[in-house]
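Predicted, not measured: the structure shown is a model, and the values here were computed from it. Within every chain, numbering begins at 1; the chains are lettered A, B, ... in the order of the sequence lines, protein sequences first and strands thereafter.
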Amino acid sequence: MSEHPARTLVTSALPYANGPIHIGHIAGAYLPADLYVRYLRARKRDVVWVCGSDEHGAAITLRARKEGTTPRAIVDRYHEEMQAAFRGLDIAFDHYDRTSSPQHHAFAQEFFLTLLEKGAFTEETRKQFFDPVENQFLADRYVQGTCPKCQHDGAFGDQCEKCGSALSPEELIDPKSTLSGATPEWKDTTLWYLPMDRHEDWLRTYLEQGDLEGHAHHDPKAWKAHVLGQCKSWVDGGLQSRAMTRDLDWGVPVPVEGADGKVLYVWLDAPLGYITATKNWAEKNGTDWEPYWKDKDTQLVHFIGKDNIVFHCIIFPILLKEHGGYLLPHNVPANEFMNLEGDKISTSRNWAVWAKEYIDDFPGRSDEMRYVLASIMPEQKDAEFTWEDFQARVNNELADVLGNFVNRVLVLTGKYFDGKVPAASGLWTETDQALRELMGRTPAAVGESIERYRFRDALQHAMGLVRAGNKYLTEEEPWKVIKSDAQRTADILNLALQVTANAAIVLAPFLPRTSEKLSAALGTSALPWDAAGGDLVPTGQPLGTLPILFDKVTDEQVAAQREKLGPDAAELGLRDVEPEKPGTSFDDFQAMDLRVAEVVAAEKVKGADKLLQLTVRTGYDERTVVSGIAEHFAPEDVVGRRVTLLANLAPRKIRGVVSQGMVLMASTEDGGLRFVTPEEGAEPGDIIR
RNA sequence: GGCGAGGUAGCUCAGCUGGUUAGAGCGCAGGAUUCAUAAUCCUGAGGUCGAGAGUUCAAGUCUCUCUCUCGCUACCA
């Protein structure tokens with residue numbers, strides 16, 4: 001406990017600015033960080049916690065197009081909304097920034113240029129195929145044509161899978177874009193890749209031994225199993241080069257001559273936002289940001305969800321190390337996912353508890369949600385939130401155990417000692433001693449758990465003190481003792497009050513509002529964490545009044561919340577769907593040959609989870625079509641069905657099977673698939689137009 | 001398909017480097033109690049630790065096979 005870093009920089013994953021915040025986000029990356037940081041602040045440690053909105057990327061431009069507005073308008077709206085959601089749950093960042101700010105753009109460009117100068121990227125200026133329809137450059141794999149060696153006509157730009165020859169895309173005869181089918185143009189472009197394979201050796205040492213550049217850096221045993229497991233699996237599997245730029249018009253422009261229409265890959269740009277945010281925090285507070293990112297005595301901790309592990313543990317560290325001068329993460333305590341009422345949380349299906357709606361429905365009751373989420377936090381495996389469980393925890397634990405304990409102590413003191421802290425004799429019984437010892441070791445137990453990112457454990461320890469307090473009162477029965485021994489009654493209540501004051505401190509990270517109310521009533525506000533463990537409330541201290549700390553959650557409230565899950569009634573008439581594609585021509589439509597066909601045989605493609613190999617009868621031939629529907633349909637379910645076939649689609653080899661056409665499917669809102677089946681009477685071979 | 005993490009009492013979950021009768025909270029049953037928000041406290045019932053095999057004096061804890069869940073990844077024309 002004595003050794004600790006000189007300062008700690010904490011980050012939480014930058015939330016993506018195209019949707020509201022729900023409890024899955026909160027429990028994953030924000031509440032744990034908030035608990036950790038509140039604890040460190042209470043210990044008077046030097047800690048800074050930064051976060052911000054991740055505002056770039058293609059999804060935001062798509063959303064803007066759908067809503068008929070600009071990306072700027074979208075990110076501005078969510079930037080405000082997300083901050084309000086965090087405030088509502090008392091998620092208290094030291095600084096919340098955004099990646100679309102001029103400062104961030106400038107910093108990200110500078111960082112990119114430094115990497116470029118240091119040779120961190122492989123830069124390739126070369127001619128590359130460009131799809132004029134999709135208006136973007138095509139990776140080798142997205143070009144297909146006839147193999148110059150074996151005349152196989154499904155060869156990819158990098159390799160012919162028929163004869164195994166390695167190819168360059170320009171060698172292909174009659175190349176086509178696999179995105180649009182258009183004939184690509186041969187144009188100059190520059191791409192910047194991060195060759196991650198160069199970094200495998202030191203990454204392995206860093207991850208497995210916790211050593212960096214020959215020095216002990218962190219304790220790998222302190223990392224969560226699932227985090228290390230996933231990282232090792234990546235490194236052991238061999239790291240690939242990753243393009244660090246994208247062809248988009250919304251993002252941080254690549255700061256290189258002639259790179260118009262290119263932006264930094266969001267995964268490069270977003271984590272740099274942590275640094276920008278730290279800089280802006282420092283400027284706001286008139287201090288220096290550099291020690292937080294560069295001093296050897298600083299500890300860097302990233303709080304994220306499990307979907308972000310590889311980026312924070314592998315790619316970002318590579319970037320930081322290549323740049324030089326920056327610290328690498330000392331721990332990445334990623335949480336797993338929070339499920340909801342038996343199902344995955346889903347934004348599009350409105351299967352979520354939105355932070356903002358919770359606060360609207362339960363105003364002033366942020367502590368309750370914080371408590372429940374901390375109790376069930378998905379620290380080592382996925383967790384499950386249900387409203388029934390929420391009700392039980394709030395009612396049984398917060399109201400009955402904590403709230404009632406506080407109330408008993410205050411009422412008894414009010415009744416017997418006029419609301420003033422009675423003087424203790426100092427003669428403690430064995431029972432008293434046992435409780436005092438528990439009180440003495442609880443702060444360390446809670447703190448140790450928090451420092452190990454075991455927040456549920458920490459909360460258990462803190463609540464354990466309160467439970468012991470209830471037990472103490474029941475066993476010592478001051479309401480009986482008062483009749484015969486006023487001093488003994490004073491001793492009992494004095495100790496019960498000390499327990500209450502201690503509980504206020506150790507519960508403060510979890511229940512900041514409740515803790516503040518309690519401390520205010522006891523006159524122990526502003527006591528630091530390290531004061532806890534002993535007597536805190538001075539004799540004679542008049543106690544303030546406290547309203548009931550926690551209202552019970554009613555069955556009606558539970559029912560109403562469950563009712564809100566699922567598709568919104570208002571949305572049922574007007575669906576939230578992908579925007580319509582830009583206009584096409586009648587000629588383009590005419591170019592497609594759509595036919596009625598019948599499935600005569602079906603089998604799973606071996607080695608593929610999602611692929612079904614179908615044999616379809618078109619009336620004029622029988623052919624093989626590979627379709628990605630195996631997760632929705634068993635082979636026997638599809639045999640005999642009449643389907644809509646795009647018959648003249650260029651053949652393509654998928655998983656070793658040549659697919660001659662495409663079966664049209666409707667994808668439903670819940671992620672399911674339905675065949676587009678012609679009405680009775682249509683026969684295989686009938687033309688659809 | 002490859003890889004990773006999980007599968008422990010009715011529910012939500014702990015069980016660190018293998019070692020006496022497998023734990024907590026909630027729920028349930030019985031009892032005690034009344035200062036308190038019908039709150040509290042005590043006692044108890046409940047588990048072949050996903051299935052099967054193996055290593056060991058000893059396995060929830062190590063190895064192998066299988067199975068289910070979640071994630072990453074490839075293939076979804």
Under 4.0 Å, counting only non-hydrogen atoms across every strand here, what does A:Lys344 touch: a base, just sugar-phosphate, or nothing? sugar-phosphate
So, A:Lys224 versus A:Asn331: side-chain donor-acceptor pair below 3.5 Å or not? no
Respond yes when some side-chain nitrogen or oxygen of A:Arg467 is under 4.0 Å from OP1 or OP2 of B:C26, and no when none is. yes
Using the P atom in both, what is the distance from B:U48 to B:G23, to the nearest Å? 15 Å
A:Arg488 with A:Glu476: basic N within carboxylate O range, under 4.0 Å: yes
Could you check how far CD of A:Glu384 sits from P of B:G7, rounded to whole Å? 16 Å
A:Ile376 atom CD1 is separated from B:A14 atom C1', nearest whole Å, by 15 Å
Touch class at under 4.0 angstrom, heavy-atom based, for A:Gln380 against every strand present: sugar-phosphate
Between B:A5 and B:G50, how far is it from one C1' atom to the other, in whole Å? 15 Å
Could you check whether A:Ala399 gets within reach of a base, just the sugar-phosphate, or nothing at all, counting any heavy atom under 4.0 Å? base
Regarding A:Glu336 and A:Lys381, does a basic nitrogen lie under 4.0 Å from an acidic carboxylate oxygen? no
Using O4'-C1'-N9-C4 for purines and O4'-C1'-N1-C2 for pyrimidines, with syn meaning within 90° of 0, is B:G46 syn or anti? syn
Between A:Gln498 and A:Asn502, does any side-chain donor sit less than 3.5 Å from a side-chain acceptor? no
According to a strict under-4.0 Å criterion, is A:Arg456 in side-chain N/O contact with OP1 or OP2 of B:A14? yes
Have a look at A:Phe405 and say if it touches a base, only the backbone sugar-phosphate, or nothing, with a 4.0 Å heavy-atom cut-off. nothing
C1' gap between B:A74 and B:G4, integer Å: 15 Å
Rounded to the Å, how far apart are A:Trp234 CH2 and B:A5 C1'? 16 Å
Considering only the P atoms, how many Å lie between B:G27 and B:U20, rounded to the nearest integer? 31 Å
Mapping A:Arg454 and A:Asn407 onto RNA chain B by nearest heavy atom, which one lands closer to the 5' end? A:Arg454
Roughly how many Å apart are B:C62 and B:U17, using the C1' atom of each and rounding to a whole number? 12 Å
Interatomic distance where NZ belongs to A:Lys306 and P belongs to B:C70 [whole Å]: 9 Å
Near RNA chain B, which residues from residues 309-317 of chain A have a heavy atom under 4.0 Å away? none
Measure from CG on A:Leu646 to P on B:C76 and round the result to the nearest Å. 16 Å
Just how far, in rounded Å, is P of B:C26 from CE of A:Met463? 9 Å
Name the nucleic acid region contacted by A:Asn404, choosing base, sugar-phosphate or nothing; use a 4.0 angstrom heavy-atom cut-off, strictly under. base
With C1' as the reference atom in both, quote the distance from B:U61 to B:A14 in angstrom, rounded to an integer. 14 Å
Given B:U40, B:C35, B:C3, which nucleotide is nearest the side-chain atoms of A:Lys415? B:C35
What is the distance from CD of A:Glu397 to C1' of B:C11, rounded to the nearest Å? 13 Å
Using atom C1' in both nucleotides, what's the gap between B:G46 and B:G10 to the nearest angstrom? 8 Å
Nearest-nucleotide 5' precedence on RNA chain B, A:Arg408 against A:Ala468: A:Arg408
Any salt bridge between A:Lys344 and A:Asp382, counting N to O under 4.0 Å? no
Out of B:C76, B:C72, B:A5, minimum distance to the side chain of A:Leu611 belongs to B:C76
Looking at CD1 of A:Ile315 and NE2 of A:His312, how far apart are the two atoms once the value is rounded to the nearest 0.5 Å? 10.5 Å
Between A:Lys381 and B:A14, is there a side-chain N or O to OP1/OP2 distance below 4.0 Å? yes
Could you check whether A:Glu388 gets within reach of a base, just the sugar-phosphate, or nothing at all, counting any heavy atom under 4.0 Å? nothing
Does A:Asp457 make a side-chain donor-acceptor contact with the base of B:A14, cut-off 3.5 Å? no
Return the orientation label for the A:His25 and A:His22 ring planes: parallel under 30°, perpendicular over 60°, tilted otherwise. parallel
Which atom names give the shortest non-hydrogen contact between A:Leu207 and A:Cys231, and what distance separates them? CD1-CB, 3.7 Å
Phosphate OP1/OP2 of B:G27: any A:Asn396 side-chain N/O under 4.0 Å: yes
When we call it a touch if two heavy atoms are under 4.0 Å apart, what does A:Val626 touch: a base, just sugar-phosphate, or nothing? sugar-phosphate
Heavy-atom pair with the smallest gap, counting every atom of A:Pro478 and A:Leu473: CD-O, 3.5 Å
Nearest to the A:Ile548 side chain among B:U40, B:G25, B:U37, which nucleotide is it? B:U37
Ignoring backbone atoms, test whether A:Lys471 places a side-chain nitrogen or oxygen under 4.0 Å from the OP1 or OP2 oxygen of B:C42. yes
How about A:Thr429 and A:Asp432: does a side-chain donor come under 3.5 Å of a side-chain acceptor? yes
Check whether any side-chain N or O of A:Arg393 sits under 4.0 Å from OP1 or OP2 of B:C13, and answer yes or no. no
Under 4.0 Å between any heavy atoms, over every strand shown, what does A:Gln660 touch: base, sugar-phosphate, or nothing? Just pick one. nothing
Where does the angle between the aromatic ring planes of A:Tyr453 and A:Phe303 fall among parallel (under 30°), tilted (30 to 60°) and perpendicular (over 60°)? perpendicular
Hey, does A:Leu412 reach any base, or is it just sugar-phosphate, or nothing, if we go heavy atoms under 4.0 Å? base
Mind checking if A:Lys480 touches a base, just sugar-phosphate, or nothing, with heavy atoms under 4.0 Å? sugar-phosphate
In whole Å, measure the gap between the P atoms of B:U33 and B:A51 for me. 44 Å
Which part of the nucleic acid, if any, lies within contact of A:Ser375, taking any heavy atom under 4.0 Å across all strands shown: a base, the sugar-phosphate backbone alone, or nothing? nothing
A:Gln209 atom CD, neighbour heavy-atom count above 12 within 6.0 Å: yes
Given atom OH of A:Tyr472 and atom P of B:C35, what is their separation to the nearest angstrom? 18 Å
For A:Arg562, look at atom CZ and say whether over 12 heavy atoms of other residues, nucleotides or ligands are found less than 6.0 Å away. no
Reading RNA chain B 5' to 3', what string of ( ), [ ], | and . shows its pairs, if Watson-Crick and G-U wobble pairs count only when both distances fall under 3.5 Å? (((((((..((((.....[...)))).(((((.......))))).....(((((..]....))))))))))))....
